[in-house]
Every structure is written in C-alpha cells, then in structure tokens.
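Everything quoted here is computed from the prediction, not taken from an experiment.
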Amino acid sequence: MNSVTEFVKALGPARLAAMGAVAAGLIGFFVFLMLRFTQPQLAVLFTELTFDDSLQVVKKLEGMNIPHEIRQDGSIIMAPKEQVLRLRMEMAESGLPAGGSVGYEIFDKSDTLGATSFVQNINRVRAIEGELVRTIRSLQKVIMARVHLVLPKRELFSRDAREPSASIVIKSRGKLDGGQIKAIQHLAASAVDGLKPSRVSIVDESGRLLASGRGDGPQAGGGELEERNRVVERRMRNEVEEIVASIVGEGRVRVRVSAEMDYSKITETTDVFDPEGRVVRSTQTREESSNASTPTGDESVSVGNELPAANGESGGAGSQQENSNKNEEVVNYEISRTTKTEVAEGGRVKRLSVAVLVDGIYQKNAGGAIKYSPRPKAQIDQIKALVSSAIGFSKDRGDQVQVVNLRFAEVQEPALADGSSQGWLDSIMSMSKADIFTIAELTVIGLMSLLVLLLVVRPLVRRILSPEGTAPQMGALTAEGTIAADGTPLLTGPNGEELALPAPRNQTSEALDSARAVGDVQAKAVEDVGETVKNNPEEAVSIVRDWIQKTA
C-alpha cells in the first residue's frame with residue numbers, strides 16, 4: 001500500500017485529475033451507450049393524429065403498460081418496434097384512431113331508440129361524412145380530409161328535385177394530379193345516392209380549387225376536356241419519342257405534339273328508299289256486272305207493261321237487252337327503306353402539329369476528342385416519314401410535321417445496361433422512415449464516439465504518459481563529443497574533461513525505486529519486531545495488555 005501511495009504521489013495532482021476526467025467521461029459514455037441500446041427500439045405507431053385521437057391512444061397505451069413516446073405535439077406516437085403491428089390491430093378493434101370523425105358507430109348507442117327522425121337524419125349524414133373521411137384518408141397521398149354533404153329533402157307536390165352536392169377539403173403530401181382528383185370525386189359520388197361526380201368540389205389546405213363541382217353545364221367540362229386533350233398529346237409524344245429514340249439513341253430526341261380536338265357530339269339520321277326492292281303490301285279486286293232490257297213497239301206506259309210477266313204474256317211486243325261487266329283491281333306496294341342513325345362522339349382529331357428535335361452524331365477523332373457532325377438529310381427525311389405514319393398524318397386535315405437536327409446543349413450519358421447505377425439509389429429511396437432514423441442515430445453516435453476519442457481521450461492519455469524528467473545542469477558543454485567504450489555518449493566540459501551523460505530517467509521509475517527501498521526498510525523493521533517478540537514473550541504480552549486497557 002505504501003508503494004501504491006508513493007506511486008500516486010509521484011503522479012501529481014494534474015495527472016490524477018486528468019486520469020479521473022478521462023475515466024469519468026469514458027464511464028459516462030459507455031453507460032449512455034448501454035442504456036441506449038438496452039432500451040426497446042421505438043417505431044412509429046401512428047402519425048398525423050388529431051388531439052382527441054392522440055389522447056385516446058395514449059390512454060389505451062398507459063392502460064396496457066406499454067412504453068411509448070409522444071412527438072410533434074401529439075401528432076406522432078412511438079411504440080416498441082416489435083409490438084407495433086399487434087398494437088395497431090388492438091387499436092383498430094377499439095376504433096382508434098377515429099380520424100376526428102364519427103362513422104356508422106354512431107348508431108351503436110343505446111339511446112337512439114327514442115330519437116326523432118330529424119336527429120336520425122342528421123346522424124345518418126354525419127355517419128356518411130365520417131366514413132368518407134376515413135376512406136379518403138386511406139389514400140396514399142392524403143393526410144387529412146373533411147367532407148360536407150348536402151342531401152336535399154324531396155318536397156311534396158314538387159316536380160323538380162334538387163341534386164345533392166358535396167365539398168371536400170384535403171391536405172396532401174405533394175400535389176395531386178388530375179386522375180387522383182377525379183378518383184376522389186367518383187369515390188364520393190359512388191358512396192352517396194344521387195350524387196354526381198361533377199357535383200363534388202375539392203379544395204386543398206392552401207385554398208386552391210382542385211375541382212369546381214359546377215355540375216354538367218357548358219363550362220363544367222372545360223377542365224375534363226383539357227385533360228383529355230393532354231392525354232392524347234402525351235400518348236402521341238411517347239409513341240413518337242419511342243420510335244425516334246430507337247434510331248438516334250435514348251435522350252437524344254425531344255418531341256412536342258399539339259392536338260386540336262373536336263369534342264362536339266353529332267347525331268345524324270338518314271332514310272334511304274330502294275325502288276327496286278318493291279314488296280306487295282295489299283291487293284284489292286272489284287268486279288261489277290249489270291243486265292238491262294229496253295222494250296220496242298208499244299211505247300205506252302201502262303200498269304201491264306210494267307209487270308214482270310207482261311212481256312212474255314204479250315208475245316207480240318219486242319225488247320232490247322243490255323249487259324255490262326266491270327273489273328277493278330288495286331295493288332299496294334311497299335318500297336324498302338333503310339334508316340341509318342349515326343352518333344359521332346366528341347374527341348375527333350381536327351388538326352395535329354408535331355415538332356421533333358433530334359441531336360447530331362458524336363464521334364471520336366484521331367486525337368481522342370469528341371467531334372459533332374449533323375445527321376444526313378436522307379436520315380432526317382426517313383425520320384419525318386416514320387413520324388407521319390405514327391401520328392396518322394392527313395394532308396386534308398392540315399397536319400404539320402417538322403423534324404429539325406440541332407446540337408443539344410448537353411449530351412446525356414447512356415444508362416448502364418445492367419442498371420447498377422440506379423440500384424443503390426432505388427434501395428435508398430425504398431427505405432422506410434424508421435430505417436432512415438436508425439441510420440441517422442447510429443451515424444451521430446459514431447461521430448460522437450470519434451470526437452470523444454480524438455479530442456478528449458487521446459490528449460489526456462498522451463499527457464498522462466508523457467515523461468516530465470529534466471536534463472541535469474552541467475554548465476556549458478561543447479557541441480562535440482565522443483562515445484565511450486560501453487556506448488555511453490561523452491561530452492567535453494569547459495576544462496577539457498570528459499563528462500558522461502547519465503541515462504534518462506522518468507519520474508515513474510524513480511517513484512518505483514523509492515517505493516521499493518521504503519518497502520525493504522519496513523520489511524526489515526517488521527522482521528526485527530517479530531524476532532524481539534519471539535525472544536521476550538512475557539514482555540510482549542504485558543505491552544499488548546496495556547494497549548487494550550488504554551483503548552478501553
């Protein structure tokens with residue numbers, strides 16, 4: 001113990017303080033690492049929670065004794081990573097999170113038996129709005145949604161019925177395209193009886209109008225027609241770029257298509273009569289015959305002459321007989337007729353204008369430099385012919401196709417055949433938020449460890465282990481010296497005498513030698529005391545008794 005004490009005294013207070021600071025820092029750092037890696041790793045349980053949902057979820061977790069963490073004023077709740085899926089299922093069983101809206105569970109309450117029809121209708125609208133909010137929030141880009149429905153009541157003795165309408169406010173991650181907006185409109189319209197997609201208005205969180213919901217009026221389809229026009233132009237542009245890029249190379253062609261469309265709807269009805277295709281429809285035949293006799297001779301008129309048998313009985317008087325026959329036939333024919341009705345839907349191409357810009361040819365010259373040369377005119381003409389065939393060129397419509405060869409400002413490098421240049425980028429983009437947080441945390445801990453080792457531990461250890469011995473003062477010594485036979489360097493003093501330079505010794509070795517000498521002295525003293533007690537046992541016993549009485 002005396003040697004250890006002497007060694008500690010030899011170190012000095014500065015070195016002891018440095019050693020204590022290094023030891024305390026290392027112990028604290030490793031304790032932090034142990035506590036950090038032994039506690040459960042947290043993952044995101046829910047995000048974008050409302051205050052009410054966050055309150056209910058936290059109460060549920062506290063009742064289950066699950067360690068959790070609340071971030072961003074309660075909008076994000078963290079839970080142990082290995083229990084996230086199970087907790088989500090249990091929360092879903094309890095109807096959490098509700099998204100700040102009430103769904104069809106509003107009818108599960110037992111006090112609705114005595115509710116009036118007015119209250120039931122309001123609850124029905126609230127339930128439909130809440131279910132629509134939950135469905136819209138399930139979309140990938142949608143963070144928050146709020147739905148308002150207007151369901152007019154049919155009035156008695158009224159011929160015209162007002163159409164239902166809806167308004168939706170959406171908070172999204174990024175900008176929604178036209179297809180996603182139409183999808184939300186059709187989703188809401190399909191869930192409400194009598195609601196048309198054109199009657200659904202959508203506004204984002206910044207107040208920008210995404211869908212007007214003005215109905216089926218003449219101005220309602222302006223955005224839809226413009227979107228259809230862009231779809232036609234995009235499809236033609238992709239087709240032209242694909243066929244031209246196979247000739248000039250990927251990234252060496254730019255195509256722009258302008259399509260003038262006719263969206264008017266035309267209904268045409270045509271009746272065609274064929275005179276050769278006659279068919280007898282009806283036939284009518286009529287026959288008439290008549291007999292008449294005129295008497296000759298006695299032309300007097302008497303009752304006897306007018307009797308039917310008067311002529312036969314008289315025998316002497318003559319008569320003239322008249323017979324007539326009449327036949328009439330009427331035939332009705334049906335002439336064949338063809339009725340043709342054509343309905344031309346909107347979306348016909350009235351005119352196309354296509355502009356194609358192609359890059360030139362790049363070749364290496366003898367010096368290894370890249371040289372640009374324009375493409376030959378024959379190849380440009382072939383490209384123009386291919387583009388005309390791809391778009392269905394029609395001279396009668398007034399279509400135009402221009403193919404121009406110019407040098408691009410920058411030449412894009414061709415993509416690697418194996419796609420390895422995009423592999424690491426795809427893997428980084430596919431990482432989840434939890435993976436990014438874990439990597440960032442490990443990176444920060446590694447940097448902190450490196451800084452502690454370089455800026456704290458290394459200087460303190462170097463100072464502790466650096467020798468503090470000083471060279472002996474031997475007066476003025478000459479620069480020239482010799483080497484002794486045993487290898488010890490010799491210096492020449494002021495009187496010409498040779499002085500041996502003592503071997504360097506540090507403070508630690510001197511403290512060890514001093515402690516060793518003190519230990520030898522103490523061991524010798526203990527040995528002398530033992531020998532004295534052995535030779536004089538009675539005196540030693542009396543001395544020990546006196547010590548015990550004094551201490552008692």
Expected output: side-chain [X] to main-chain [Y] donor-acceptor under 3.5 Å:
{"X": "E129", "Y": "L149", "result": "yes"}
{"X": "R407", "Y": "D359", "result": "no"}
{"X": "R254", "Y": "G251", "result": "yes"}
{"X": "E233", "Y": "A259", "result": "yes"}
{"X": "S190", "Y": "L187", "result": "no"}
{"X": "E241", "Y": "N238", "result": "no"}
{"X": "R88", "Y": "L45", "result": "yes"}
{"X": "H68", "Y": "I66", "result": "yes"}

Can you tell me if [X] has over 12 outside heavy atoms packed within less than 6.0 Å of its [atom1]?
{"X": "F273", "atom1": "CZ", "answer": "yes"}
{"X": "Q140", "atom1": "CD", "answer": "no"}
{"X": "E205", "atom1": "CD", "answer": "yes"}
{"X": "I370", "atom1": "CD1", "answer": "no"}
{"X": "N365", "atom1": "CG", "answer": "yes"}

Show your reasoning for whether side chain to side chain contact (heavy atoms under 4.5 Å, CB included) applies to L352 and M236.
-> CA-CA 10 Å; L352 287 176; M236 290 188 177; 3.7 Å; yes
Might you point out which heavy atoms bring [X] and [Y] nearest each other, and give the distance in Å?
{"X": "V349", "Y": "R397", "result": "O-CD, 3.5 Å"}
{"X": "A145", "Y": "V133", "result": "O-CG1, 3.3 Å"}
{"X": "L87", "Y": "A79", "result": "CD1-CB, 3.7 Å"}
{"X": "P152", "Y": "P164", "result": "CD-CA, 3.7 Å"}
{"X": "P67", "Y": "P80", "result": "O-CD, 3.0 Å"}
{"X": "I76", "Y": "M78", "result": "CG2-SD, 4.0 Å"}

Could K395 and D399 be called an ion pair, given the rule that one side-chain N must be under 4.0 Å from one carboxylate O?
-> no
Side chain to side chain contact (heavy atoms under 4.5 Å, CB included) between I168 and I170, intermediate numbers included | CA-CA 6 Å; I168 303 175; I170 290 178; 3.7 Å; yes
If we only count heavy atoms from C-beta on, is the [X] to [Y] side-chain gap below 4.5 Å?
{"X": "E268", "Y": "T341", "value": "no"}
{"X": "V142", "Y": "K171", "value": "no"}
{"X": "V358", "Y": "I380", "value": "yes"}
{"X": "L139", "Y": "Q180", "value": "no"}
{"X": "L151", "Y": "V192", "value": "yes"}
{"X": "R126", "Y": "I122", "value": "yes"}
{"X": "N121", "Y": "V125", "value": "no"}
{"X": "R375", "Y": "I361", "value": "yes"}

What is the distance from atom [atom1] of [X] to atom [atom2] of [Y], rounded to the nearest 0.5 Å?
{"X": "L195", "Y": "I128", "atom1": "CG", "atom2": "CD1", "answer": "10.5 Å"}
{"X": "L210", "Y": "K175", "atom1": "CG", "atom2": "NZ", "answer": "9.0 Å"}
{"X": "K371", "Y": "K364", "atom1": "NZ", "atom2": "NZ", "answer": "15.5 Å"}
{"X": "K384", "Y": "Q382", "atom1": "NZ", "atom2": "CD", "answer": "13.5 Å"}
{"X": "L357", "Y": "F408", "atom1": "CG", "atom2": "CZ", "answer": "4.5 Å"}
{"X": "R351", "Y": "S258", "atom1": "CZ", "atom2": "OG", "answer": "7.5 Å"}

For F393, check ring-ring contact (aromatic ring centres under 6.0 Å, His included) against everything at least two apart and list the hits.
->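 If we apply the ring-ring contact (aromatic ring centres under 6.0 Å, His included) test to F393, skipping adjacent residues, there are no hits.
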Could you go through the side chain to side chain contact (heavy atoms under 4.5 Å, CB included) check for V356 and Q402 one step at a time?
-> CA-CA 6 Å; V356 181; Q402 293 291 334; over 6 Å; no
Start with the C-alpha distance between S206 and D204, add both sets of side-chain angles, then the distance that settles side chain to side chain donor-acceptor pair (under 3.5 Å), and finish with yes or no.
-> CA-CA 6 Å; S206 61; D204 62 2; 3.1 Å; yes
Full working for side chain to side chain contact (heavy atoms under 4.5 Å, CB included) between V57 and M91 = CA-CA 8 Å; V57 171; M91 295 295 175; 4.1 Å; yes
Could you tell me whether the side chains of D271 and T339 share a donor-acceptor contact shorter than 3.5 Å?
-> yes
Among side-chain atoms of R348 and S264, is any donor-acceptor pair under 3.5 angstrom?
->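 Yes, S264 and R348 have a side-chain donor paired with an acceptor closer than 3.5 Å.
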Derivation of the salt bridge (charged side-chain N to carboxylate O under 4.0 Å, His left out) call for E62 and K59 | CA-CA 5 Å; E62 291 178 351; K59 287 184 178 180; over 6 Å; no
Using the side-chain contact (heavy atoms from CB on, under 4.5 Å) rule, pick out the option among L176, T135, V200, L132 that qualifies with I184.
-> L176
